[in-house]
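Each ligand, and each atom within it, is numbered from 1 in the order the structure gives.
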Amino acid sequence: MTDYEGRLRLGVNIDHVATLRNARGGDLPDPVRAAQLAEEAGADGITAHLREDRRHIIDSDIDRLMETLRVPLNFEMAATDEMQKIALRHKPHAVCIVPEKREERTTEGGLEVAREENKLAGYIAPLREAGCRVSIFIGADERQIAAAHRIGAQVIELHTGAYCDAHAEGDFETRDRELEMMREMSAYAHSLGLEVHAGHGLNYDTVAPVAAFPEVMELNIGHFLIGESVFRGLGPAIAEMRRLMDAARV
Ligand code: PXP
């Protein structure tokens with residue numbers, strides 16, 4: 001069973017530094033520089049999603065992150081042959097398998113694991129053999145979590161998007177229901193021996209209740225932090241998130 005007494009980790013997702021860079025072409029702002037600043041500001045890991053369409057992070061970003069990072073890289077990817085080859089070449093600390101649709105603006109839902117169990121089991125086996133921790137980005141759904149466990153994933157990352165959207169829309173009934181589901185499913189996943197992470201859409205207003213789940217070991221947060229860094233700077237934006245996470249944990 002996973003030890004979940006440890007400090008809650010913060011993974012900083014740097015995708016949207018690359019979004020800004022790609023809006024103009026050229027090399028700036030550099031997401032690898034953002035990753036280095038995030039490390040200095042206390043990030044426990046860096047997350048980057050290499051999408052099939054390369055709309056933000058590009059292959060050379062992953063090359064440079066692997067060369068320069070001192071903290072672990074959580075490599076987000078769709079379950080495609082191309083991404084598997086890239087992951088096996090780099091062998092990052094963790095790979096997080098996410099659903100990906102070309103037309104979506106961001107990762108809209110969790111992965112459908114239950115219907116694709118055999119295929120996904122075969123897909124992640126070589127990644128595990130290469131030493132990567134395999135995480136599955138997933139909704140707070142018992143059937144999907146049980147399937148993630150059966151296929152041999154070591155980690156699930158709960159999709160916090162619906163909870164954050166409901167909060168933003170002022171629909172507190174839905175928000176609280178989503179939160180309760182995530183609370184129950186964190187405990188369920190932990191009871192199976194899965195390590196539990198969470199992320200998507202979290203900000204200063206929504207982070208504390210999720211950070212308070214004792215089974216959650218890591219939060220991955222990107223868009224809000226990169227946006228907030230325009231106003232405060234990246235280091236202070238991360239430091240404030242860290243403070244809120246630690247405060248929620250006691
Ligand atoms: N976790 C996963 C698996 C994601 O796909 C994303 C978005 O790329 C995040 C966390 C971070 O979400 P956000 O950028 O909304 O904080």
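Counting heavy atoms only, Glu76 comes closest to atom 6 (C) of ligand 1 of the residues Glu100, Arg51, His16, Glu76.
Ligand 1 places these atoms under 4.0 Å from at least one heavy atom of Gly222: 13 (P), 14 (O), 16 (O). Those atoms of ligand 1 with a heavy atom of Val98 less than 4.0 angstrom away are 3 (C). Within ligand 1, the atoms closer than 4.0 Å to a non-hydrogen atom of Phe137 are 2 (C), 3 (C), 5 (O), numbered from 1 in the order shown. Counting the atoms of ligand 1 from 1 in the order shown, those under 4.0 Å from a heavy atom of Ile221 are 16 (O). In summary, the atoms of ligand 1 found under 4.0 Å from a heavy atom of Gly201, numbered by their order in the structure, are 12 (O), 13 (P), 15 (O), 16 (O).
Checked against side chain to side chain contact (heavy atoms under 4.5 Å, CB included), Ala239 has no partners two or more places apart in sequence or in another chain. By the side chain to side chain contact (heavy atoms under 4.5 Å, CB included) test, Glu228 pairs with Tyr204, Phe224, Phe231, Arg232, Ala237, sequence neighbours left out.
When hydrogens are left out, the protein atom nearest atom 14 (O) of ligand 1 is His223 N, 2.8 Å; that is the closest non-hydrogen contact. Of the protein's non-hydrogen atoms, His200 CD2, 3.7 Å is the one closest to atom 7 (C) of ligand 1.
A heavy-atom distance below 4.5 Å is not found between the side chains of Val155 and Glu157. Using a 4.5 Å heavy-atom threshold, the side chains of Met77 and Ile97 count as touching.
At under 3.5 Å, not a single nitrogen or oxygen of Asn220, backbone or side chain, sits near a nitrogen or oxygen of ligand 1. Taking only nitrogen or oxygen atoms, main chain and side chain alike, Glu157 reaches within less than 3.5 Å of ligand 1. Considering backbone and side-chain atoms alike, Gly199 places every N or O at 3.5 Å or more from each N or O of ligand 1.
Looking at His200 and Asn220, their side chains never bring a donor and an acceptor atom within 3.5 Å of each other.
A salt bridge links Asp61 to Arg64: one of the charged nitrogens lies within less than 4.0 Å of a carboxylate oxygen. Using a cutoff of 4.0 Å between basic side-chain nitrogens and carboxylate oxygens, Arg54 and Glu82 are scored as salt-bridged.
The side-chain contact (heavy atoms from CB on, under 4.5 Å) test with Phe137 singles out one residue from Glu76, His159, His49, His197, and that residue is His159.
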